[in-house]
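Below, all heavy atoms of this structure are taken into account, side chains as well, without hydrogens, waters or symmetry copies.
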Amino acid sequence: QAQLVESGGGSVQAGGSLKLSCVASGYTYSRMCMGWFRQAPGKEREGVAAISTGGSRTNYADSVKGRFTISRDNARNAVYLQMNSLKPDDTAMYYCAAGRSCPRPSGTWALGPSVYDYWGQGTQVTVSS
């Protein structure tokens with residue numbers, strides 16, 4: 001059974017950085033479309049970043065463009081989210097997700113939750129002002 005385990009969350013002051021990691025097991029990871037989502041209390045789950053199977057295509061929510069970078073290491077079955085210049089609005093539970101295939105290119109490419117079949121348990125990120 002597919003499993004995703006996130007790590008790297010924590011508390012940081014505004015302007016700081018964190019790097020989230022997600023390690024996958026139980027399926028052919030290198031063929032999976034991977035994404036990061038977040039959900040703050042009282043808000044809907046939001047797609048933050050996505051990356052194609054080979055890593056050549058990425059997409060980001062407008063709110064994080066230029067600050068967050070998604071990457072993957074297929075040899076380690078891992079996907080990462082480097083978060084820089086963090087803001088209090090970035091405070092949320094962050095989830096890693098895996099989908100059996102990536103969708104066709106579009107403006108909102110791979111940022112919708114319906115793309116994904118497997119989800120991690122989440123890691124909390126708290127940014128203080």
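With 3.5 Å as the limit, one finds no donor-acceptor pair spanning the side chains of R57 and N59.
For the atom pair CZ of R72 and OG1 of T58, the computed distance is 12.0 Å after rounding to the nearest 0.5 Å. To the nearest 0.5 Å, the span separating OH on Y94 from CG on L18 amounts to 9.0 Å. Rounding to the nearest 0.5 Å places CH2 of W36 at 5.0 Å from SG of C22. Note that the CG atom of L81 and the OG atom of S71 stand 8.5 Å from one another [nearest 0.5 Å]. Note that the CE atom of M34 and the CG atom of N74 stand 9.5 Å from one another [nearest 0.5 Å]. Atom CD of Q121 is separated from atom SG of C96 by 11.5 Å, given to the nearest 0.5 angstrom.
Under the rule for a side-chain contact (heavy atoms from CB on, under 4.5 Å), the partners of R45 that lie at least two apart in sequence or sit in another chain are F37, Q39, Y95, W119. By the ring pair (Phe, Tyr, Trp, His ring centres under 6.0 Å) test, Y27 pairs with Y118, sequence neighbours left out.
A pairwise comparison of heavy atoms in A40 and A92 identifies N-CB, 3.8 Å as the closest pair. Across all non-hydrogen atoms, the minimal contact from M32 to T28 is CG-O, 3.4 Å. E6 and G120 get closest at one heavy-atom pair: OE2-CA, 3.2 Å. Taking all atoms of both residues into account, the shortest heavy-atom contact from Y116 to G99 is CD2-N, 3.5 Å. Minimum interatomic distance between A24 and L4 (heavy atoms only, all atoms of both residues): CB-CD2, 3.5 Å. Residues P88 and A14 come closest through the heavy atom pair CD-CB, 4.1 Å.
Within the structure, every pair that satisfies the disulfide (SG to SG under 2.5 Å) test and touches residues 100-129, not counting sequence neighbours, is listed here: C33-C102.
Note on Y60 and V48: same hydrophobic cluster, where clusters join Ile, Leu, Val, Met, Phe, Trp and Tyr whose side-chain heavy atoms are under 4.5 Å apart, directly or indirectly. Under a hydrophobic-cluster definition in which Ile, Leu, Val, Met, Phe, Trp and Tyr are linked whenever side-chain heavy atoms come within less than 4.5 Å, directly or via other members, I70 and L20 are assigned to the same cluster. With hydrophobic clusters built from ILVMFWY side chains whose heavy atoms lie under 4.5 angstrom apart, Y80 does not share a cluster with L86. Residues M93 and V12 are members of separate hydrophobic clusters, defined by side-chain heavy-atom contacts under 4.5 angstrom among Ile, Leu, Val, Met, Phe, Trp and Tyr. Note: the hydrophobic cluster containing V125 also contains F68 (ILVMFWY, side chain heavy atoms under 4.5 Å, direct or indirect links).
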Practice task
Just do the side-chain contact (heavy atoms from CB on, under 4.5 Å) check on E46 and V64 with the steps written out, would you?
Solution key: CA-CA 11 Å; E46 172 191 21; V64 306; 5.9 Å; no

Practice task
For side-chain contact (heavy atoms from CB on, under 4.5 Å), just list the numbers for D89 and S63, CA-CA rounded to whole Å, side-chain angles, deciding distance to a tenth of an Å, and then say yes or no.
Solution key: CA-CA 9 Å; D89 283 349; S63 57; over 6 Å; no

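A salt bridge is absent between D90 and K87; no separation between the charged side-chain nitrogens and carboxylate oxygens falls under 4.0 Å.
Checked by atom type and distance alone, the side chain of T91 pairs as donor or acceptor with a backbone atom of V127 at under 3.5 Å. Looking only at distances, no side-chain donor or acceptor of Y29 sits under 3.5 Å from a matching main-chain atom of R76.
At most 12 heavy atoms of other shown residues, nucleotides or ligands fall within 6.0 angstrom of atom CD in Q3.
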